[in-house]
Amino acid sequence: MTETVRQTGDALGARLDEIRGRIAECARRAGRVPEDVTLIAVSKTHAAEAVQSALAAGVADFGENRVQEAEGKIETIGRAVGTGGASAPRWHLIGHLQSNKARRAVKLFDVIHTIDSAELIERLERACAEDGRAELPVLLQVDLAGETSKAGATVDALPELIERAAVCKHVRLAGLMTLPPFYEEAEQVRPFFRRLRELRDEWQGRGAFGEGRGELSMGMSHDFELAIAEGATMVRVGTAIFGARPAR
Ligand SMILES: *Cc1c(COP(=O)(O)O)cnc(C)c1O
């Protein structure tokens, strides 16, 4: 390791320790255990070296928002598919997925958080069958703000999507995800997190997530503590781990 890589790794390790401490503290305050919450390190725009440093610091889950960008990184770093490769991480797709990239996404990602159409479910199901992939856990992305410009399914669309997923052999509905509007005041996102948890509880009661607990993927660098207080089981943290991203 070069001196620069090691120093970068040390700083990253310190930030990770701090974030893990906050996650644990919030979980306990909410009457939960720290292990309830999976930290997904969002590595989009950052090079494979940054992923390697985080991996060395014990991160097991990474989030990427573009298939194209993730491809090279996942090839370099590897993937903990099934029980093999204990030292390799799981990869989560957290950005919008175009139907025509479903096949590539099935080859690359362990979990897809951004399902928002029946067509996408069909495409992924077919790609799994063709690729010999037994199971693909997915989350439905719910647009709770009614921002039609944004990705995500409306609450009204959920019954149809959940029904579609229920008849799939390979696509397995594992939970819900949301990306609330940005507020300067983090506290303002609380109602969105709460609403997603209520929806999860409601659909869990109807068996939408099978034997699973119904994952709640919500919370980012500036609001993950609130999200955990409201029940998040997966937080997607980028900037607080890797530093600011270059402007696109
Ligand atoms: C980029 C991104 C994140 C991480 O955001 P930070 O503010 O850097 O923590 C989380 N979720 C999604 C969907 C993202 O695109």
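Read the numbers this way: they start at 1 and go in the same order the structure lists the ligands and their atoms. In this chain, numbering begins with 1 at the start of the sequence shown.
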Member of Arg32, Arg197, Glu215 meeting the side-chain hydrogen bond (donor to acceptor under 3.5 Å, both in side chains) criterion with Thr233: Glu215
Criterion salt bridge (Lys or Arg N to Asp or Glu O under 4.0 Å) on Glu130 and Arg126, from CA distance to verdict: CA-CA 6 Å; Glu130 285 164 18; Arg126 236 179 298 142; 5.8 Å; no
ILVMFWY cluster, Trp203 and Phe193 together (side-chain gap under 4.5 Å): yes
side-chain hydrogen bond (donor to acceptor under 3.5 Å, both in side chains) partner of His113, chosen from Arg236, His92, Gln141: His92
Aromatic ring proximity, centroids under 6.0 angstrom, Phe62 and Trp91: yes
Side chain to side chain contact (heavy atoms under 4.5 Å, CB included) between Leu124 and Ile115, intermediate numbers included: CA-CA 10 Å; Leu124 290 169; Ile115 306 302; 3.3 Å; yes
Could you list each N/O atom of ligand 1 together with any protein N/O atom closer than 3.5 Å, one pair per line with the distance?
from, atom 1, to, atom 2, distance (Å)
ligand 1, 8 (O), Thr239, N, 2.8
ligand 1, 8 (O), Thr239, OG1, 2.5
ligand 1, 8 (O), Arg245, NH1, 2.7
ligand 1, 8 (O), Arg245, NH2, 3.2
ligand 1, 9 (O), Ser221, N, 3.0
ligand 1, 9 (O), Ser221, OG, 2.5
ligand 1, 9 (O), Gly238, N, 2.8
ligand 1, 11 (N), Arg236, NE, 2.8
ligand 1, 15 (O), Lys44, NZ, 2.7

